[in-house]
J.: 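The structure follows.
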Amino acid sequence: MAKRSLALQLDEAVQAMLVSLRPRPEDAPDPNLAPLMRVAQVLRDFPREEFRAALKSDLQRRVSMSEGTAASSARTGEAQARAVHYQRPGLTSITPYIIVRPAAQFMEFVKAAFHGTERLRMPTPGGLIMHAEMEIGNGAIEVSDGNEEYPTAPAAIHLYVNDADETYERALRAGATSIYAVADMPWGDRQGAVKDEFGNHWYIAKPIGWTPGPEGLRSVQPFLHLQEAHKMVPFLEAAFGAEALGVAKSPEGTVLHGTIRIGNATLEIDEAHGEFQAMSCHLHVYVPDTDVVYARAMEAGATSLEVPQDKPYGDRSAGVKDAWGNSWFIATYLGG
């Protein structure tokens, strides 16, 4: 008879244990499994069937690396599914909300320059755009003409594309002006920058000296140029539970560049300098619990724009303004 694999022996032993059977002498598992079996014996009387199934699965993963890899991937997928249920479909944890006029003309620029796709447009009775959403690559922006309460507010966007040179040239043909030409940058991107006629900065880039992680790279990343940028990191950590993935500073402590993760998206910051000055922009942030994050943001020094409330479009939403003048629209998707 062919020798049974350790994984099969463990499977049979755990099955027998869970139904209070003693293995036959000829079916006794390999002695190398004894430590794992002692752990299983101690835990076998836990009442929940799902726990028993998890125990069996975890023990098998220790025996078979391939089984472990598959199980780990499954758990990662489940965790990701849980992580995004509070986000409106098609959006990530951070979406730039660009308020410019005329918004309809700006949207045509985005289509021509970056192959943006219009997903949603909600006009006002007067024909202005109350709210619109556009997809760019695997990211998105939100757009509005704004109003007296929310005047025009251009933004800076780090835009990752498949071909930086081609996209840069397309943006110039669509009416943007060059900030700097495309070149290989010391941080590992091939990048150029343009300014559109509405005041937005677009840093158009493609990675050439580094490889994004397994989760890939978000096409649209807000870039905040700030005075005293080093103070933004603790604010984001306290308000949004953000994680600083990397913050490079000068010997004097000036932030040269920082990448900050909130949920499943990132934004970038640096100290305002030269022509890259602070813009009081708007950011739409999806979080698991709007009320909790709103309270944390207020404790971290933000001022209230709107207290948490349920909206007719299916979000529970609130708004705060940080010390730099940026507005954060905090939301939890409720469905519908």
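Numbering of residues begins at 1 and proceeds along the displayed sequence.
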J.: Any chance NZ of Lys321 has more than 12 other-residue heavy atoms, nucleotides or ligands included, within less than 6.0 Å?
T.: no

J.: Please evaluate residues Met122 and Tyr313 with respect to the criterion side-chain contact (heavy atoms from CB on, under 4.5 Å), reporting the C-alpha separation (whole Å), side-chain torsions for both, the decisive distance (0.1 Å), and the verdict.
T.: CA-CA 12 Å; Met122 300 174 62; Tyr313 47 82; over 6 Å; no

J.: Keeping the roles fixed (side chain from Arg121, backbone from Ala132), state whether a donor-acceptor pair exists under 3.5 Å.
T.: no

J.: Does Phe235 have any ring pair (Phe, Tyr, Trp, His ring centres under 6.0 Å) partners at least two apart in sequence or in another chain, and if so, which?
T.: none

J.: Is the backbone N or O of Asn162 less than 3.5 Å from a side-chain atom of Lys206, with the two atoms forming a donor-acceptor pair by type?
T.: yes

J.: Side chains of Thr266 and Ile94, heavy atoms from C-beta outward: is any pair under 4.5 Å?
T.: no

J.: Can you get from Leu224 to Trp187 by hopping between Ile, Leu, Val, Met, Phe, Trp and Tyr side chains that sit under 4.5 Å apart?
T.: no

J.: Between Ile260 and Met232, is any pair of side-chain heavy atoms under 4.5 Å apart?
T.: no

J.: Report yes or no: does Thr124 contribute a side-chain atom to a donor-acceptor pair with the main-chain N or O of Met130 at less than 3.5 Å?
T.: no

J.: Work out which heavy atom in Pro222 is nearest to a heavy atom in Ile157; give both atom names and the distance.
T.: CA-CD1, 4.4 Å

J.: On a heavy-atom basis, which atom in Asp184 and which in Arg190 lie closest, and how many Å separate them?
T.: OD1-NH1, 2.8 Å

J.: Would you check, one step at a time, whether the test ring pair (Phe, Tyr, Trp, His ring centres under 6.0 Å) holds for His131 with Phe329?
T.: CA-CA 14 Å; His131 174 78; Phe329 304 132; over 10 Å; no

J.: Hey, can you tell me if His282 and Tyr150 have their rings parallel, tilted or perpendicular (30° and 60° cut-offs)?
T.: perpendicular

J.: State plainly whether the residues Glu133 and Arg88 are in salt-bridge range, i.e. N to O under 4.0 Å.
T.: no

J.: Please work out which of the three classes, parallel, tilted or perpendicular, describes the rings of His225 and His273, given edges at 30° and 60°.
T.: perpendicular

J.: Parallel, tilted or perpendicular: which describes the rings of His284 and Tyr97, with under 30° parallel and over 60° perpendicular?
T.: tilted

J.: With a 4.5 Å limit on heavy-atom distance, are the side chains of Ile204 and Val182 in contact?
T.: no

J.: Which heavy atom of Gly137 sits nearest a heavy atom of Ser219, and at what distance?
T.: CA-OG, 3.5 Å

J.: Shortest non-hydrogen contact from His230 to Pro234?
T.: O-CD, 3.2 Å

J.: Taking all atoms of both residues into account, what is the closest heavy-atom pair of Ala318 and Tyr294, and its distance?
T.: CB-CD1, 3.7 Å

J.: Can you sort out the partners of Phe198 under ring pair (Phe, Tyr, Trp, His ring centres under 6.0 Å), two or more places apart, ordered by chain and number?
T.: Phe106

J.: When rounded to the nearest 0.5 angstrom, what is the spacing between CG in Asn147 and CG in Leu128?
T.: 10.0 Å

J.: Classify the ring geometry of His201 against Tyr203: parallel below 30°, tilted from 30° to 60°, perpendicular beyond 60°.
T.: perpendicular

J.: Report the C-alpha distance between Lys195 and Glu275 in whole Å, list the side-chain angles of each, state the deciding distance to 0.1 Å, and finish with yes or no for side-chain contact (heavy atoms from CB on, under 4.5 Å).
T.: CA-CA 11 Å; Lys195 181 178 180 179; Glu275 60 187 308; over 6 Å; no

J.: Write down the atom of Ala239, the atom of Ala297, and the distance for their closest heavy-atom approach.
T.: CB-CA, 3.6 Å

J.: Check whether any side-chain heavy atom of Ile141 sits under 4.5 Å from a side-chain heavy atom of Val220, and report yes or no.
T.: yes

J.: To the nearest 0.5 Å, how far apart are CH2 in Trp328 and CG in Leu305?
T.: 12.5 Å

J.: Does the side chain of Tyr168 reach to within under 4.5 Å of the side chain of Val161, using non-hydrogen atoms?
T.: no

J.: Checking Asp145 side chain against Arg101 main chain: does a donor-acceptor pair fall under 3.5 Å?
T.: no

J.: Closer than 3.5 angstrom, by distance alone: can the side chain of Asp322 be matched with the main-chain N or O of Ala302 as a donor-acceptor pair?
T.: no

J.: Count I, L, V, M, F, W, Y as connected when their side-chain heavy atoms are under 4.5 Å apart, and connections chain through other members. Are Val194 and Met134 then in the same cluster?
T.: yes

J.: Is there a donor-acceptor contact under 3.5 Å from the side chain of Asp196 to the main chain of Ala176?
T.: no

J.: If we only count heavy atoms from C-beta on, is the Phe223 to His257 side-chain gap below 4.5 Å?
T.: yes

J.: Please list all pairs passing the salt bridge (Lys or Arg N to Asp or Glu O under 4.0 Å) test where one or both residues lie in residues 225-242, with sequence neighbours left out.
T.: Glu228-Lys231

J.: Please answer whether the main-chain N or O of Ala229 pairs with a side-chain N or O of Glu271 as donor and acceptor at a distance below 3.5 Å.
T.: yes

J.: Evaluate the side-chain hydrogen bond (donor to acceptor under 3.5 Å, both in side chains) criterion for residues Asn264 and Thr92: first the C-alpha distance (whole Å), next the side-chain angles of each, then the deciding distance (0.1 Å), finally the verdict.
T.: CA-CA 7 Å; Asn264 66 350; Thr92 62; 4.6 Å; no

J.: Any donor and acceptor pair, going by atom type alone, linking the side chain of Arg119 with main-chain N or O of Gly90 inside 3.5 Å?
T.: yes

J.: Sub-3.5 Å donor-acceptor pair from the side chain of Thr290 to the main-chain atoms of Thr332, do we have one?
T.: yes

J.: Side chains of Ser250 and Glu252 only: does a donor on one sit below 3.5 Å from an acceptor on the other?
T.: yes

J.: Asn326 versus Leu226: any side-chain heavy-atom pair under 4.5 Å?
T.: yes

J.: Below 4.0 angstrom, N of the basic side chain to O of the carboxylate: do Glu299 and Arg296 qualify?
T.: no

